[in-house]
Undergrad: 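Structure incoming, see below.
Throughout, a chain's letter reflects where its sequence line sits, starting with A, and its residues are numbered from 1. Note that these values count all heavy atoms, side chains included, but never hydrogens, waters or copies made by symmetry.
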2 protein chains.
Amino acid sequence: MGVKEQRERKPRADVQRNRAALLEAAQRHFLRDGVGASLEAVAKEAGVGPATLYRHFPTREALLAAVLQTRSEELVARRAEIARLADASERLRQWLRAMEEYFSAFSGLPEPLMAAAREREPDNPLTLPCDDLIATTEEYLRAAQTAGLARPSVTGYDLYLAAVSTAWISGTGATDEESLGRLRTLIESGYREQNDKG
Amino acid sequence: MGVKEQRERKPRADVQRNRAALLEAAQRHFLRDGVGASLEAVAKEAGVGPATLYRHFPTREALLAAVLQTRSEELVARRAEIARLADASERLRQWLRAMEEYFSAFSGLPEPLMAAAREREPDNPLTLPCDDLIATTEEYLRAAQTAGLARPSVTGYDLYLAAVSTAWISGTGATDEESLGRLRTLIESGYREQNDKG
DNA sequence: AACAAAACGGAGGCTGACTCCGTACAGGAT
DNA sequence: ATCCTGTACGGAGTCAGCCTCCGTTTTGTT
């Protein structure tokens with residue numbers, strides 16, 4: 001007795017409708033204005049009041065995380081493709097690039113990402129995805145190191161930070177694609193083992 | 001006739017007093033709260049109304065640039081010391097470190113710095129200092145390249161970007177000093193020429 | 001001491017974050 | 001088909017910060 005499982009009351013129709021409308025509007029605004037977009041504007045565009053937005057997504061980070069979910073799935077798919085590559089060095093390189101693009105989904109995204117890492121509040125909806133990303137980086141890096149293709153002193157977290165930085169720079173919009181390319185090359189030269197043999 | 005030089009009316013005493021009070025208060029607040037600190041709070045602490053703050057410093061960037069002036073002078077001094085070092089590689093390394101510390105003066109400083117670079121409005125008071133910094137980096141880098149100590153494909157702007165990124169990461173407060181050190185090493189390995197002879 | 005220019009500061013308009021609470025409505029029970 | 005209950009809604013309202021207008025005060029000069 002006591003614990004009536006109650007199964008779960010299926011979610012109301014308007015709830016699902018509003019949630020979907022909010023996510024769509026939020027994505028548009030984050031794309032246009034970056035992660036600092038006005039949440040009131042998002043609510044208005046979704047055709048709901050501000051309270052409804054906050055009921056669905058208590059914080060800006062929660063909304064961001066929900067919108068990011070789609071992208072996150074793309075990244076997982078890409079990770080699967082990358083895993084099939086033969087060259088460990090190439091796997092690492094492409095994974096870093098994939099992460100960077102993920103971080104560049106919206107202008108200013110790296111900021112709340114790092115904030116989540118700082119606070120380490122487990123309720124921050126951005127924390128968990130990041131931990132996964134770091135673990136995966138670690139994995140690909142280790143393979144490259146074992147093959148003698150990456151310096152042993154480098155860590156997965158280092159490369160994760162490098163990817164976030166690059167995405168941050170890219171998001172500021174102050175730098176052309178050519179400079180970004182050179183910056184990536186610089187980082188690659190930084191972690192690569194350059195023994196002209198093992 | 002016509003152009004009465006008027007010499008210059010010496011600046012009023014209250015103007016100087018208020019300016020000094022504002023700068024001091026601003027520095028405190030930027031240190032505590034980062035570059036996003038409340039300007040109203042700064043004005044209040046300086047004992048002036050908001051209008052006075054905006055009269056002295058029309059934009060947040062103007063105030064930031066003025067507060068940064070002191071640090072800027074420290075950087076110039078440090079540059080002079082560095083110039084005396086014998087090793088071109090060491091000069092470059094220390095210069096990059098000095099820039100990074102300068103960028104880390106206040107949390108969030110890299111953001112408006114890059115924004116200034118993006119807009120390229122010559123009236124942005126942060127633009128000019130940056131151009132100088134890039135030029136100096138270029139100079140030290142070129143010396144290192146000539147000595148065969150740095151890759152020829154790297155540019156001064158690349159290293160400037162790398163320094164800004166590192167400062168940005170540092171400013172997020174999400175990363176311990178050890179990781180930052182490894183990141184710096186990574187970058188250094190990235191631009192260094194690793195011929196075991198020239 | 002008187003004057004004019006320069007500078008001041010508070011009140012107020014604006015935008016965006018976030019909440020409270022009376023109302024409307026969806027969906028199961030009759 | 002209707003009732004009934006709890007869930008969700010949304011607008012009005014509070015709060016904080018940015019920035020400006022304009023009547024008043026201060027300052028240096030004559």
Side-chain angles (χ1 to χ4, degrees), chain A residues 4-23 25-26 28-30 32-67 106-108 111-112 115 123-125, chain B residues 4-23 25-26 28-30 32-67 106-108 111-112 115 123-125:
Chain A
K4 281 257 185 75
E5 264 305 338
Q6 187 71 9
R7 204 43 65 109
E8 66 256 4
R9 268 170 149 72
K10 67 180 58 170
R12 280 169 56 158
D14 50 352
V15 169
Q16 297 174 262
R17 190 158 25 83
N18 285 336
R19 184 186 158 89
L22 281 166
L23 284 175
R28 263 198 300 278
H29 281 252
F30 285 149
R32 174 172 10 269
D33 305 329
V35 296
S38 161
L39 298 186
E40 290 206 327
V42 168
K44 184 171 295 182
E45 182 166 318
V48 304
T52 297
L53 187 154
Y54 286 103
R55 205 172 300 113
H56 282 264
F57 308 101
T59 66
R60 181 181 294 271
E61 284 70 36
L63 178 56
L64 205 45
V67 173
F106 311 119
S107 165
E111 194 81 48
D123 60 329
N124 189 317
Chain B
K4 282 258 185 79
E5 264 304 340
Q6 187 70 11
R7 207 40 68 111
E8 65 255 1
R9 268 169 146 73
K10 68 181 59 170
R12 282 170 53 156
D14 51 353
V15 170
Q16 299 174 262
R17 189 155 26 84
N18 285 337
R19 184 185 160 90
L22 281 167
L23 285 175
R28 261 197 301 276
H29 281 252
F30 284 149
R32 176 174 6 270
D33 306 329
V35 297
S38 161
L39 297 186
E40 289 205 329
V42 168
K44 185 171 295 183
E45 181 166 317
V48 304
T52 296
L53 187 154
Y54 287 102
R55 205 172 300 114
H56 281 265
F57 307 103
T59 66
R60 181 182 294 271
E61 284 71 37
L63 178 56
L64 205 46
V67 172
F106 312 118
S107 165
E111 194 81 46
D123 60 328
N124 189 317

Undergrad: Checking side chain to side chain contact (heavy atoms under 4.5 Å, CB included) for the pair A:His56/A:Asn18: CA distance, chi angles, key distance, verdict?
TA: CA-CA 9 Å; A:His56 282 264; A:Asn18 285 336; 4.1 Å; yes
Undergrad: Using salt bridge (charged side-chain N to carboxylate O under 4.0 Å, His left out) as the criterion, list what pairs up with B:Asp14, not counting sequence neighbours.
TA: B:Arg12
Undergrad: Got a second to check how far B:Tyr54's OH is from B:Leu63's CG, nearest 0.5 Å?
TA: 9.5 Å
Undergrad: Would you mind telling me which of C:dA17, D:dG11, D:dG17 lies closest to the side-chain atoms of A:Arg60?
TA: C:dA17
Undergrad: Where is the tightest heavy-atom contact between A:Leu64 and A:Phe30, given as atom of each residue plus distance?
TA: CD1-CE1, 3.5 Å
Undergrad: Starting from C1' on C:dC20, measure out to CG on A:Leu53 and report it in whole angstrom.
TA: 17 Å
Undergrad: In whole Å, I'd like the distance from the CZ atom of A:Arg55 to the P atom of C:dC21.
TA: 14 Å
Undergrad: What's the CD-P distance between A:Gln16 and D:dC9, to the nearest Å?
TA: 11 Å
Undergrad: Indicate yes or no: at least one non-hydrogen side-chain atom of A:Leu23 is less than 4.5 angstrom from one of A:Phe57.
TA: yes
Undergrad: Using whole Å, report how far OH of A:Tyr54 lies from P of D:dC15.
TA: 16 Å
Undergrad: To the nearest Å, give me how far apart CG (A:Leu22) and P (D:dC9) are.
TA: 9 Å
Undergrad: If each of B:Gly36 and A:Glu40 is mapped to the nucleotide of DNA chain D with the nearest heavy atom, which maps nearer the 5' terminus, i.e. the 5' end?
TA: A:Glu40
Undergrad: Rounded to the Å, how far apart are A:Phe57 CZ and D:dC9 P?
TA: 11 Å
Undergrad: Heavy-atom nearest nucleotide on DNA chain D for B:Ala37 versus A:Arg19: which residue maps closer to 5'?
TA: A:Arg19
Undergrad: Please list, for nucleotides 28-30 of chain D, all pairs of protein and nucleotide N/O atoms separated by less than 3.5 Å.
TA:
unit_1: D:dG28; atom_1: OP1; unit_2: B:Ala13; atom_2: N; d: 3.1

Undergrad: Which atoms form the tightest heavy-atom contact between B:Ala43 and B:Gly49, and what is the distance?
TA: CB-O, 4.0 Å
Undergrad: So, is B:His56 close to the C:dC8 phosphate, meaning a side-chain N or O under 4.0 Å from OP1 or OP2?
TA: yes
Undergrad: On the nucleotide C:dG9, are OP1 or OP2 found under 4.0 Å from the side-chain N or O atoms that B:Thr52 carries?
TA: yes
Undergrad: So, for A:Gly36 and A:Arg60, which heavy atoms are closest and what is the spacing to 0.1 Å?
TA: C-NH1, 3.5 Å
Undergrad: Under 4.0 Å from OP1 or OP2 of D:dA8: is there any side-chain N or O of A:Asn18 that close?
TA: no
Undergrad: Counting only side-chain heavy atoms from C-beta out, which of D:dC9, D:dC18, C:dT19 sits nearest to B:Ser38?
TA: D:dC18
Undergrad: Roughly how many Å is it from CD in B:Glu45 to P in C:dG9, rounded to a whole number?
TA: 15 Å
Undergrad: Between P on C:dA17 and CG on A:Leu64, what's the gap in Å once rounded to a whole number?
TA: 13 Å
Undergrad: With sugar-phosphate meaning primed atoms plus P, OP1 and OP2, does B:Arg17 contact a base, only sugar-phosphate, or nothing at under 4.0 Å between heavy atoms?
TA: sugar-phosphate
